[in-house]
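Worksheet: one structure, shown below.
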Amino acid sequence: MPEAPGAMRDTAAAPEAHREALEYIERVTAGAAQVQRRVLAEILAQNAPAEYLRRLGVAGDAPGAAEAFLRAAPLVTYEDILQDVLRIANGDTSPILSGKPIREFLTSSGTSGGERKLMPSIADEMDRRSLLYSLLMPVMSQAVPGLDKGKCMYLYFVKAESRTPAGLPARPVLTSFYRSRHFLERPHDPYTVYTSPDGAVLCVDAYQSMYAQLLCGLVHRADVLRVGAVFASGFLRAIRFLEKHWQRLCRDIRAGTLDAEITDRSVRAAVERVLRADPALADAVEAECARPSWEGIIRRVWPNTKYIDVIVTGAMAQYIPTLEFYGGGLPLTCTMYASSECYFGINLNPMCKPSEVAYTLIPTMGYFEFLPVHSAAGEPHHRDLVDLVDVKLGHEYELVVTTYSGLYRYRVGDVLRVAGFKNQAPMFNFVRRKNVVLSIDSDKTDEAELHAAVAGAVQHLAPFGASLVEYTSYADAATIPGHYVLFWELRGGGATPVPASVFEDCCLAVEEALNSVYRQGRAADRSIGPLEIRVVSEGTFDKLMDYALARGASINQYKAPRCVRPGPLVELLDGRVQARYLSPKCPKWSPGGGRQWTSNAAVA
């Protein structure tokens with residue numbers, strides 16, 4: 001089994017503080033098959049009281065429980081467990097999915113019925129997440145020495161959370177972690193000294209949080225050895241924020257006083273503990289930000305930075321060129337792979353090129369199985385599943401997970417390709433999310449949802465005798481924040497032209513029909529820009545078909561793509577644009593305000 005070159009060095013050469021973590025990785029990957037069997041047995045024994053397992057006829061604490069589970073448990077999606085989730089959310093405290101109490105729901109970026117999916121989570125799960133985080137710096141410090149000699153400017157944010165009728169928190173997994181004692185009461189570690197005070201991280205006002213975190217990052221400019229955020233899109237929003245507000249930030253540094261617009265008391269107190277008048281620092285930052293070009297601005301403003309730590313796999317890969325422009329040659333590192341359902345693994349070669357990122361699944365995080373992507377036609381069956389240690393190099397699989405919190409053979413929706421092995425444990429390239437057409441930040445819009453939104457919006461054209469001939473879409477990452485673009489080819493039109501305001505209404509109607517994750521990104525987080533409709537000339541989609549046929553597509557099987565990627569197709573479409581329209585305002589959104597907790601409404 002091939003192992004990625006340079007993935008890890010000899011653990012004996014590691015600092016004492018990191019040796020234990022590196023030896024742990026070595027141990028669990030070398031015995032991955034045995035570890036996975038133990039993990040499944042632990043999950044079933046812990047959750048033996050769960051009603052879900054009893055329905056399958058599985059006695060989780062009986063001899064042969066694992067074999068019985070593997071024979072009986074079906075593949076499931078969120079819709080299959082939705083009724084159980086709603087029972088818990090509405091106050092049923094019996095052991096439905098888990099043998100331990102569900103303490104919170106983690107809101108997934110995936111949606112069901114337009115609302116975020118709710119992933120049950122038990123208290124112990126926080127320990128597993130903390131364990132995975134604790135492995136990151138031991139691996140990174142092998143590739144980049146000296147990271148204990150400075151600080152990291154990582155921009156972390158919490159998002160709005162709600163509560164279920166039973167009072168259980170429903171919030172994103174990172175919000176849960178940043179509010180936990182594992183984060184807030186963390187012991188001092190010279191490898192993870194953040195420039196951002198906890199008070200700034202925990203501020204739910206995105207503007208005040210961003211302002212305070214960037215200000216503190218500038219104050220500690222000389223000490224910053226690495227910068228980052230969770231997603232590439234979020235880090236680029238921070239650079240855009242700096243571009244817009246650098247003069248105000250420099251004024252605060254020069255005077256040693258915090259801008260009056262920052263009104264959150266916890267934020268002000270946290271920032272004022274580190275902010276001192278420093279005219280020389282203000283001059284240095286101003287000199288860089290005032291230059292005509294912002295190419296290499298990260299390296300110029302934080303000259304000791306060694307890399308940018310952001311997720312650049314999957315949909316985030318579209319931001320790599322922009323990051324490279326602002327980074328001025330700084331390496332882009334991608335360190336871990338996780339979701340609301342489960343934390344999965346880490347990149348053991350973090351300084352690799354973004355196109356070569358491969359995550360090693362840590363076998364203790366959950367029980368992992370894999371559904372071959374190109375399996376036989378028809379509905380997939382659990383008999384098609386492949387164990388963690390039996391996947392084949394170069395093959396693609398959909399990830400299926402069984403967790404301590406009570407997900408059983410749950411289809412995560414991520415498609416992975418086997419890139420190599422670390423001992424027995426496979427390393428995976430992240431290929432894509434299944435069925436996702438558009439994504440800018442944490443939003444994920446699939447083809448069916450997009451089509452329904454467009455179909456509703458075009459009704460605004462009917463009074464003017466116009467109709468939609470064909471459409472496609474793409475995620476425009478060239479703007480900050482990025483935004484959805486729809487290319488519409490229209491037919492007809494009466495004596496009265498369609499007013500611009502009607503097309504703007506169409507833009508807003510599409511946005512209003514999209515899921516709550518998208519609408520939160522637009523209205524609250526401002527991580528997504530206004531949706532744009534570009535009206536193209538008659539015959540444009542015929543030209544699109546001609547392009548495909550000229551490159552070997554079959555005319556009998558051709559259908560217009562519902563999404564296109566930046567490149568020749570977007571250039572062809574943009575070359576035939578006749579008019580452009582933007583959504584005039586943000587769509588409606590409120591934290592938990594649209595969610596229905598009754599079974600029928602939630603399934604609809």
Side-chain angles (χ1 to χ4, degrees), residues 150-157 194-197 200 203 205-229 231-263 267-268 270-310 319-332 476-483 526-527 529:
K151 302 178 186 293
C152 48
M153 188 187 76
Y154 282 4
L155 305 171
Y156 292 147
F157 303 93
Y194 301 116
T195 60
S196 295
C203 178
D205 185 302
Y207 175 88
Q208 294 190 63
S209 178
M210 180 76 83
Y211 190 97
Q213 291 192 62
L214 279 175
L215 181 59
C216 291
L218 292 171
V219 167
H220 294 292
R221 178 194 191 216
D223 298 320
V224 171
L225 300 183
R226 60 193 193 275
V227 300
F231 293 113
S233 56
F235 188 72
L236 287 175
R237 284 202 310 279
I239 298 304
R240 178 65 181 131
F241 189 99
L242 178 63
E243 194 170 4
K244 186 175 181 180
H245 298 289
W246 64 266
Q247 292 172 311
R248 179 175 291 186
L249 290 161
C250 287
R251 184 187 64 199
D252 289 1
I253 295 170
R254 188 179 305 282
T257 57
L258 182 58
D259 192 281
E261 284 194 13
I262 307 305
T263 57
V267 174
R268 291 197 69 88
V271 174
E272 286 169 353
R273 281 194 288 269
V274 300
L275 183 60
R276 299 289 183 272
D278 192 338
L281 174 60
D283 288 344
V285 174
E286 279 184 349
E288 298 301 339
C289 293
R291 287 167 60 176
S293 172
W294 269 47
E295 184 173 2
I297 191 67
I298 299 167
R299 188 188 285 274
R300 285 158 36 200
V301 172
W302 293 279
N304 297 317
T305 299
K306 298 185 178 184
Y307 60 85
I308 302 171
D309 187 355
V310 288
Y319 297 106
I320 291 173
T322 310
L323 282 168
E324 290 176 336
F325 174 82
Y326 287 124
L330 284 171
L332 305 178
D476 186 353
T479 59
I480 301 176
H483 68 295
R526 302 301 172 99
S527 58

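Because the structure is predicted, anything quoted here is derived from the model rather than measured.
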Which atom pair, heavy atoms only, marks the closest approach of [X] to [Y]?
X	Y	value
Gly329	Arg299	C-NH2, 3.5 Å
Ala238	Leu155	CB-CD1, 3.2 Å
Cys216	Val271	SG-CG2, 4.0 Å
Leu258	Leu275	N-CD2, 3.7 Å

Suppose we screen for side chain to side chain donor-acceptor pair (under 3.5 Å). Which residues come up paired with [X], at least two apart in sequence or across chains?
X	answer
Tyr307	Arg226
Asp259	Arg248, Arg251
Thr195	none

Separation of [Y] [atom2] from [X] [atom1] (nearest 0.5 Å):
X	Y	atom1	atom2	result
Ile480	Lys244	CD1	NZ	12.5 Å
Phe235	Leu332	CZ	CG	9.5 Å
Asp205	Phe157	CG	CZ	11.0 Å
Glu324	Glu295	CD	CD	11.0 Å
His220	Ser196	NE2	OG	9.0 Å
Leu236	Thr322	CG	OG1	6.0 Å

_Show every side-chain hydrogen bond (donor to acceptor under 3.5 Å, both in side chains) that has at least one partner inside residues 275-284, sequence neighbours left out._
Arg254-Asp283
_Positive for side chain to side chain contact (heavy atoms under 4.5 Å, CB included) with Val227, one of Lys151, Lys306, Met153_ = Met153
*asked:* Parallel, tilted or perpendicular, judged at 30° and 60°: which one describes the rings of Phe241 and His245?
replied: tilted
*With distance as the sole test, does Arg240 use its side chain to make a donor-acceptor pair with the main-chain N or O of Pro481 at under 3.5 Å?*
no
*Keeping the roles fixed (side chain from Thr305, backbone from Leu225), state whether a donor-acceptor pair exists under 3.5 Å.*
no
*Please list, chain by chain and in numerical order, all residues satisfying side-chain contact (heavy atoms from CB on, under 4.5 Å) with Thr479, sequence neighbours excluded.*
Asp476, His483
_Glu288: partners by side-chain contact (heavy atoms from CB on, under 4.5 Å), with sequence neighbours left out_ = Arg221, Arg291, Ile297, Arg300, Val301
Is there side-chain contact between [X] and [Y], with heavy atoms separated by less than 4.5 Å?
X	Y	value
Val267	Ser209	no
Ile262	Leu215	no
Ser233	Ser527	no
Trp294	Ile239	yes
Leu218	Trp246	no

*Run the side-chain contact (heavy atoms from CB on, under 4.5 Å) check on Tyr156 and Tyr194 step by step: do they pass?*
CA-CA 10 Å; Tyr156 292 147; Tyr194 301 116; 4.0 Å; yes
*Show the numbers, then the answer: is there a side-chain contact (heavy atoms from CB on, under 4.5 Å) between Tyr326 and Ile308?*
CA-CA 10 Å; Tyr326 287 124; Ile308 302 171; over 6 Å; no
